[in-house]
Each structure stands twice: as structure tokens, then as C-alpha cells.
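Below is one structure; the comments refer to it alone.
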Protein chains: 2
Amino acid sequence: MTITAIKPKRISDEVFEQMKEHIITGEWAPGSKIPSEHELVELFGVSRVSVREAIHRLVGMGVLTIRRGEGTFVNEVLPENYMNTLLPILMIESASFSETLEFRAIMEAESARMAAKRADEKDIARLEKALKAMEKKKGNIQEFAEADLNFHVAVAMATHNSVIIKVNAIIHDMLKKIMEEIVDITGYEGGLYYHGKILEAIKNRDESTAAKLMREHISATVDKISGLDELKSKKPLA
Amino acid sequence: MTITAIKPKRISDEVFEQMKEHIITGEWAPGSKIPSEHELVELFGVSRVSVREAIHRLVGMGVLTIRRGEGTFVNEVLPENYMNTLLPILMIESASFSETLEFRAIMEAESARMAAKRADEKDIARLEKALKAMEKKKGNIQEFAEADLNFHVAVAMATHNSVIIKVNAIIHDMLKKIMEEIVDITGYEGGLYYHGKILEAIKNRDESTAAKLMREHISATVDKISGLDELKSKKPLA
DNA sequence: TATTTTGTAGTTGTAATACATCTTACAATG
DNA sequence: CATTGTAAGATGTATTACAACTACAAAATA
């Protein structure tokens, strides 16, 4: 007889696969609530631990959302969900920080262009609020850095394109950690100046100016922090 | 005193965020082994359940791989690693593609611009080869569609920016499924015409023309297949 | 009756403990 | 020197218990 390799099977893998099938086939439809953990334990005949691990893998994939006290739900399949696959790449491929910033410059410049085209009253109001928040937070590096990112988030939202919003969020997730250092180096005025001008361009529906300013803004930032690749904190956990 | 809202926090979320930071910052490098679950329990001061749930979310995202008996490792960013997180993409059948295509238009146009700036002899050669391959495959929808995508991949490579290259790869993975339908609708000549002109612009280092042509190219495609959202099979995967 | 408050059942979140199973490394054995 | 056995360390699974949150119904109140 022939010998075939035995692959160790994890129960949670089996649960994961079966749950995936149920979602793919539509038996568990988008937006619907899946059986409770207790019910799944009964159905699969396994422990709650195994069920929960499978669920959390699906959460990581953007397929399920857990609402504590309510239940676990199948996500509507939106473009921004599959953009989750970008995260691993941008997260791990810290290949070079400068490449990520270059990518960001493109995204943000074109986001500004699109925002100038599509922003409605609500978007404008959000942008103005974000800008005012920055002015108010001048002097506090941490809060200013957060407000700065919020302005960029508001620009992304004004595009009304959920893929762009998601990609922006991923980029900002990565920048959050070092944004304070950036503010520390670049100061407050540069960001405030550009943000003000960009908002003005968006209000005026001046697409090319908005894009141009945003590109300048990012480039100026990149220039000032060009040595930041080594700056990124390498501190160990704990 | 004032009362401020308390937002419920999940410990596993906090663990997840911190682990993510460690990977983003490169403290846990690709390919390396992260601390054992027991060690993480000690470091975070939480239960093993919370640690494992955070880990499984990262597994679902394609960031970590668990090897039983050995430990848990940060994934190298290889195509095969993020490919298996594509479940959400496979489920997108029923979702709208328009936002994704809009995102693609931006990415590709700016990629073309950057390619015109940075392409070296090798890149040019790769582009020419891809273009010739398209001409040769004229008549065979399937092979032509593949060759078409290869040209765009070659443009991305000419940017010499690994983030852009990988983001392009993701977009193309998604498009592969419907690329044949696109070719079927749009025919061979349009793509060949634009690709030829784009290559010419890249050779001439004419950045703005390269970007403009690529944007036109994608827009033209989008226009022709504007009805494709309903065209895509609504059937579940499986 | 209409409204507010409270209680309760159901659900997910966390913890602690125990043991099973797998991988690796290394010592013991022949 | 090759093989086998063993121990250490890692993840996998199960069990039990309770905490925290949500939604909804029941009760109290106006």
C-alpha cells in the first residue's frame, strides 16, 4: 500500500471552512445574523473556543461583524471590504516608508481633485470643522496631529468613493504612529496654510488647484521628514 | 462634574491594535516568530483567549501564520499569501464595480506618469514585449485579455514603487475574472491603440501625456462596459 | 392610556484551568 | 553512527464561570 501524508487538521479550520461555505452559498445572507455561538457549538459539536476562533478569522477577512450583546452578522459586500487585502501588504511591506508616502501623495492629490468635484454642503461643513479643530489644537502636538489626519479623512469622504475612503484609512492607520513626530518636525503653520488653501479650492470647485495644492502639501512634508525612515520607533513591546 | 460617555472597549481589540502596530513598525519583521501566546499573555496582562482572538483576526487578514507546535509568524508579503484572503473579492459579484474602476483609473494614470519619469531600458523592453504579445494574441479573447493585463503590470513595474506594483496586482486580480468579458465587449483595437500611444509617451518621457492617455484609456473602457455591473454573474461562488 | 422605568433573557467578552497534540532538540540506546 | 526515546515548549481544544451589553417585554408611573 502507499503511504500518504497526514495533514494535521484543526477543528477550528473545519468550522471556518463550513462557515465560509454557508456565507458563499448565500445560506447566510449578507446583512443577516448568523446563529449564536451557543447554537454553533451545538450544531458543530465542538467547543465555543473553536467556534470563536473561526469567527474571528472571518472578522479579520472583513466577512463578519460581531455586535456584542446582539449577535454576529454577515457583512454586506462593499468594495471597501475587499480593500482589506491591502492592509497586509502595506502593513508588512514597510519596505520603504518613502514608497508608501509616494503612494499616499497620489491618492490624496486625486482625492482632493475628486472632492472639489463632488463635495456637498455636508462635506464642506466637515472640512471646515476639521480645519477649525486644527487651529484650536495648535500648540498641542498630539491633538494637532489627530486633527490634521481628520482633515485628510474629511477630504477622502468628500470623494464619495468608498474604495478611496478605505485606502485612505489604511494609509492613515500607518501614519498615526509617526504623525506626532511629523508635526514635531514640520510645525503647525505649514499644514494649516495648505489645508486652508485646499479647502478654498474645493469650495471653488477648482479641481486642478486642489490636486496641485495637496500634492505640494504632501511633497513638502515628505521633504521635511526625509530622514524619517530610520526615525520610526523600534521600541520593543512592554 | 460633567459626565462623559464611556465607550465599551474590547480587550482583544486593544491587543489586536498593539500587535498590528508592532508589525507595521517592523518590530515584528516579516518571516520572524512573534512571542508565544504564553509570553503575550504575560506582556499584555490579559487572558489567553483575548490574545488568541486577536491573533486569529490577523490570520484572517493574511498577516500572521500559525504553525502548531512551532509558533506564530509574520507573513512574508508574497502573492500567494494575500491571494488566499481574497474571499471578499470572490463574493463581490453582486456589488458595484464602478468605485473600484474609478480607483483604478487614478492608480493607473499616475502610474503611467511615474513610469514616464523613471522607466529604464529594462522597463521599456518589458513594455514593448507586452505590447507585441497583445498584437500576437489578437483573435484569442482569453490570451489577449491576459496580455492586456500584463501590459498594465509592466507599467506598474516601471514606476519602481513596490506599493504601487502590489496595489495594481490586487486590482488586476479582481479584474481578471471579468477581463475577458471586457475584451469581448470592447474589441482588440482600442486597447492596442492606447497601449501603443502610452508606450510612446513613456519612451518620450512625456509624463502628462502618458497620464492623460491612460486616463482616457480606462475611461473609454469604463464607458463601454458601463452596463457590466448587471452583466456579472450573480451566482454564488461554490 | 401613554410614558417611563425596570427586569430579564439572550448574546458576546473575558478569565482560569486542564489536558491533548504537534514540533523540535537532544540525550539515551543499540 | 543511526535509531529511538524523552522532555520542553508551542499551539489546539474543552470546560466552567461570570461579566457586560442589547433588545424587548413587563411593570410601574404619570
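Protein chains get the first letters and strands the later ones, always in sequence-line order, with residue 1 at the start of each.
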Protein-nucleotides 5-10 of chain D N/O pairs closer than 3.5 Å?
residue : atom : partner : partner atom : Å
D:dG9   : N2   : B:G69   : O            : 3.3

How many Å lie between CD1 on A:I66 and C1' on D:dC21, as a whole number?
-> 14 Å
Check the surroundings of atom NZ in A:K129: do more than 12 heavy atoms from other residues, nucleotides or ligands lie under 6.0 Å from it?
-> no
B:F44 CZ to C:dA16 P: how many Å, rounded?
-> 16 Å
Would you find more than 12 non-hydrogen atoms of other residues, nucleotides or ligands less than 6.0 Å from A:E207 atom CD?
-> yes
B:E14 CD to C:dG13 P: how many Å, rounded?
-> 16 Å
Only one of A:H152, A:H217, A:R215 clears side chain to side chain donor-acceptor pair (under 3.5 Å) with A:E108; which?
-> A:H152
In terms of heavy-atom contacts, does CD of B:E17 have more than 12 from other residues, nucleotides or ligands at under 6.0 Å?
-> yes
Ion pair present between B:E102 and A:R118, side-chain N to carboxylate O less than 4.0 angstrom?
-> yes
Nearest whole angstrom, please: distance from the C1' of C:dT14 to the CZ of B:F16.
-> 18 Å
Hey, is the main chain of A:V153 close enough, under 3.5 Å, to the side chain of A:R126 for a donor-acceptor pair?
-> no
Near DNA chain C, under 4.0 Å by heavy atom, which residues of residues 45-53 of chain B?
-> B:V46, B:S47, B:R48, B:V49, B:S50, B:E53
Name the residue closer to the 5' end of DNA chain C, choosing between B:D13 and A:K9 according to the nucleotide with the nearest heavy atom.
-> B:D13
So, the side chain of B:S32 versus the backbone of B:W28: is there a donor-acceptor pair under 3.5 Å, distance only?
-> no
What's the CD-P distance between B:E42 and C:dA16, to the nearest Å?
-> 11 Å
Basic-acidic side-chain contact under 4.0 Å: B:E37, B:R48 | yes
